[in-house]
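The chain is numbered in sequence order, starting from 1.
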Amino acid sequence: MRKFLFCLSVGLCFIAQAQINSDSVIMTVAGKPIALDEFLFIAQKNGQLDFSDEKSVAEYIELFKNFKLKVADAESLGLDKTKEFQSDIEEYEALLMDSYLTDKAAEEAFAKIIYDRGDYLLDVSHILFRLPQKALIKDTLPVYEEALAVYNQLKNNGDIDAVGQKISHESAGSIVYERIYSVQPMQTEKAFEDAIYSMREGDISLPVRTNYGYHIIHLNKRKPNLGSVRVAHIMFGFTEQTTKDQKAKLFVDAQNILKQLRDGRDFTELAMINSTDEGSRKDGGLLSAFTQGQMELPFEETAFALVNPGDFSDIIETSQGYHILRLIERKSRPSFDSQKNNLMSLMKKTEYNFELCRKADEKMRKDNKFNYFSEAYSELEKLCNDYFPSDRRFYEISREKKNPLIEINGKKISQNEFIDYMQEFPYSSKSFAGDYLWEEFNFYVRDLLMTETRNSIEIKYPEYNFLLQEYRDGTLLFEVSTLKLWNKPVNEQKTLENEWIMELNKEYPVEINWDLLQKMTK
């Protein structure tokens, strides 16, 4: 789609000095009436028009009339009937509608917050106290109390690694201990991420609930994000059957290769001959670029410690074998501007979407006089003690509840209408009953508000139709000007345009409401 609006190039300031009936017609061109509101909108949007200056008004009227005559000519040529034109207008209308349903500036600001978190990678340890897959409200209390008891134990100078490993071993799977050396934004559940990025090194969190259960989290360390690195390696691989003596022999082989490298032998050649990594050997040991947290820690730390392209490491050991690494290139972290569109697109597909779109949702609630009846919602929430919202029994009981739940533009919507929606559109992926109900409710409210905004957009936002008309006319003006003028030699275009305008004035009737203009200039 063309990425511009063809605007009238008039440098004038709009000053309205009289209240005029919005249904008044300022001009009729080729049989089409042009409302005063449209005329004023374009005048205001495209510059200065001083109604106290008769010459300024006359010049602008002439310019506006010629603009509309050229549009009429484009329509007579059928330029508004082409598939390309129709597709262009539909795409613009979709973008324009989206601008009323979203707040791009607010979305970008929130995305920047998440991006900035990524300046640091977090080394965390956590103990997870699992909840059932479909946890009811009443199921959470005993698990929370168990997690809280461990939190209190750790606050009294407990060692989370020792405590976590012990209770994880004793719990038969209901408690899990894990250490994650490099957590980045958008890699964990939002509640977990929000918690760890608000902590200081050495902090232990109160129980944090996610879809998996309650987490006690210890922030071990904040590490600067070093960007990405690309290396080649020569691997002397282990298998499950590799014995201690065989590992010793592999280490001797690695030492021999390291000596050859130090003597000036070519790394690529040695990798192709000696590396046991079948995936990279044919490429001289070359691996794809990676960031922190994607490789085993010894491999990662060694790779990021290399400074200059061509530098190679000593022998390191991972679970896969012995390695010698050679630095190919290092790149710093990509900029926010290069990442923001992908980041916002990803957020919209995840649980981050409600916070990303919070400002737009708040505006729609305000513009559509949204009201929420908390007591009616609480009635539904109480059922989450005994039934999961996606269960049939929850639907059967709640379907009988008909109290007003919300109100939009004076129209009350009952509890059972929401329940029907939730039954038909089970969007939520939450595993805790209360969270599931709340997320479904917010999906429902957003859908209703977006529908209401679309249906009433011309009433609530009068400029919407003017913007559509402006884009439509501007696109036709571009097309017909290209056809009539811009594909001709530059030195002929001015003369051709004058001749074209003279022909248009003869061909299409024009009526100007001078009486209305005089009222505006008084």
Side-chain angles (χ1 to χ4, degrees), residues 115 118-123 179-187 221-343 346:
Y115 172 85
D119 286 339
Y120 291 90
L121 308 182
L122 306 188
D123 178 344
R179 181 168 182 177
I180 312 172
Y181 288 94
S182 294
V183 182
Q184 300 187 45
M186 304 291 291
Q187 286 187 334
K221 188 177 181 182
R222 286 178 176 264
K223 303 181 293 185
N225 187 332
L226 300 177
S228 64
V229 66
R230 193 173 195 193
V231 300
H233 77 141
I234 303 172
M235 185 169 84
F236 307 85
F238 302 156
T239 68
E240 292 182 0
Q241 291 75 38
T242 302
T243 65
K244 190 174 182 179
D245 288 344
Q246 289 170 328
K247 285 186 178 182
K249 183 180 181 304
L250 287 171
F251 188 76
V252 172
D253 292 341
Q255 286 180 312
N256 178 46
I257 297 301
L258 182 61
K259 182 178 184 304
Q260 292 183 56
L261 289 170
R262 287 171 174 166
D263 289 341
R265 286 288 302 275
D266 182 66
F267 189 100
T268 299
E269 178 186 348
L270 289 173
M272 294 176 74
I273 296 171
N274 297 281
S275 181
T276 61
D277 179 7
E278 297 295 337
S280 67
R281 184 172 64 184
K282 65 181 183 301
D283 297 318
L286 188 63
L287 300 174
S288 298
F290 58 90
T291 60
Q292 292 150 281
Q294 293 183 301
M295 295 290 190
E296 287 191 39
L297 194 59
F299 196 100
E300 171 192 306
E301 290 179 341
T302 301
F304 279 98
L306 296 171
V307 177
N308 301 307
D311 289 353
F312 55 86
S313 70
D314 287 333
I315 300 165
I316 63 166
E317 182 178 354
T318 70
S319 64
Q320 302 298 308
Y322 296 116
H323 311 257
I324 302 171
L325 276 54
R326 177 175 179 264
L327 179 63
I328 305 301
E329 66 174 347
R330 296 185 64 157
K331 290 184 178 180
S332 54
R333 189 182 180 209
S335 68
F336 174 66
D337 284 342
S338 70
Q339 297 291 299
K340 65 181 179 183
N341 290 335
N342 287 338
L343 184 57
L346 178 60

From NZ (Lys340) to OH (Tyr115), nearest 0.5 Å
12.0 Å
Glu300 and Lys223: which non-hydrogen atoms are nearest, and at how many Å?
OE2-NZ, 4.2 Å
Between Phe290 and Ala303 the two heavy atoms that sit nearest each other are CZ-CB, 3.7 Å
Answer yes or no: is there a donor N or O on one side and an acceptor on the other, between the side chain of Arg326 and the main chain of Val231, under 3.5 Å?
no
With no hydrogens and no angle check, just 3.5 Å: does a side-chain donor-acceptor pair link His233 and Ser275?
no
If I take atom CG from residue Leu270 and atom CG from residue Leu261, how far apart are they, to the nearest 0.5 angstrom?
5.0 Å
Donor-acceptor pair, distance only, cut-off 3.5 Å: does the side chain of Gln187 make one with the backbone of Gln184?
yes
Using the rule given for side chain to side chain contact (heavy atoms under 4.5 Å, CB included), can you reason through Asp277 versus Leu287, listing the C-alpha separation, both sets of side-chain angles and the distance that settles it, and then say yes or no?
CA-CA 10 Å; Asp277 179 7; Leu287 300 174; 4.0 Å; yes
Least distance between heavy atoms, Gly118 atom then Pro185 atom
N-CG, 3.4 Å
Atom CZ in Phe299, atom CZ in Phe304: separation rounded to 0.5 Å?
10.5 Å
Can you name the residues that form a side chain to side chain donor-acceptor pair (under 3.5 Å) with Gln246, not counting sequence neighbours?
Thr243
Please check if the side chain of Ser313 supplies one atom and the backbone of Leu325 the other of a donor-acceptor pair under 3.5 Å.
yes
Is there a side-chain contact between Leu121 and Tyr181, using heavy atoms and a 4.5 Å cut-off?
no
Answer with yes or no whether the side chains of Ser280 and Asp283 bring together a donor and an acceptor at under 3.5 Å.
no
Is Met235 close to Gln320 at the side-chain level, that is, under 4.5 Å between some pair of heavy atoms?
yes
Carefully, step by step, assess Lys247 and Phe238 under the rule side chain to side chain contact (heavy atoms under 4.5 Å, CB included).
CA-CA 7 Å; Lys247 285 186 178 182; Phe238 302 156; 3.8 Å; yes
Can you see which heavy atom on Asp311 is nearest to which on Leu306, and at what distance?
O-CD1, 4.0 Å
Without swapping roles, check the side chain of Gln294 against the backbone of Thr291 for a donor-acceptor pair under 3.5 Å.
yes
Between CG on residue Asn274 and CD1 on residue Ile324, distance to nearest 0.5 Å:
9.0 Å
What I'd like to find out is whether the side chain of Val307 reaches to under 4.5 Å of the side chain of Leu327, using heavy atoms alone.
no
Using a 3.5 Å cut-off and no angle test, enumerate the donor-acceptor pairs between side-chain atoms of residues 250-260 and protein atoms at least two apart in sequence or in another chain.
residue, atom, partner, partner atom, Å
Lys259, NZ, Asp263, OD2, 3.1
Gln260, OE1, Arg265, NH1, 2.7

Tyr120 vs Lys221, side chain to side chain contact (heavy atoms under 4.5 Å, CB included): CA-CA, chis, key distance, verdict:
CA-CA 10 Å; Tyr120 291 90; Lys221 188 177 181 182; over 6 Å; no
Might you point out which heavy atoms bring Gly284 and Ala232 nearest each other, and give the distance in Å?
O-CB, 3.7 Å
Non-hydrogen side-chain atoms of Ile273 and Arg281 separated by less than 4.5 Å:
no
Passes side chain to side chain contact (heavy atoms under 4.5 Å, CB included), Tyr322 versus Ile234? Steps please.
CA-CA 8 Å; Tyr322 296 116; Ile234 303 172; over 6 Å; no
Do NZ/NE/NH1/NH2 and the carboxylate oxygens of Arg333 and Asp119 come within less than 4.0 Å?
yes
Evaluate the salt bridge (charged side-chain N to carboxylate O under 4.0 Å, His left out) criterion for residues Asp123 and Arg222: first the C-alpha distance (whole Å), next the side-chain angles of each, then the deciding distance (0.1 Å), finally the verdict.
CA-CA 6 Å; Asp123 178 344; Arg222 286 178 176 264; over 6 Å; no
Are the side chain of Gln292 and the backbone of Leu226 linked by a donor-acceptor contact shorter than 3.5 Å?
yes
Between Gly321 and His323 the two heavy atoms that sit nearest each other are O-CD2, 3.3 Å
Backbone N or O of Pro309 within a donor-acceptor pair of the Arg330 side chain at under 3.5 Å?
no
Value rounded to 0.5 Å, distance of OG in Ser338 from CG in Leu343:
10.5 Å
4.5 Å side-chain heavy-atom contact, Leu286 and Arg230
yes
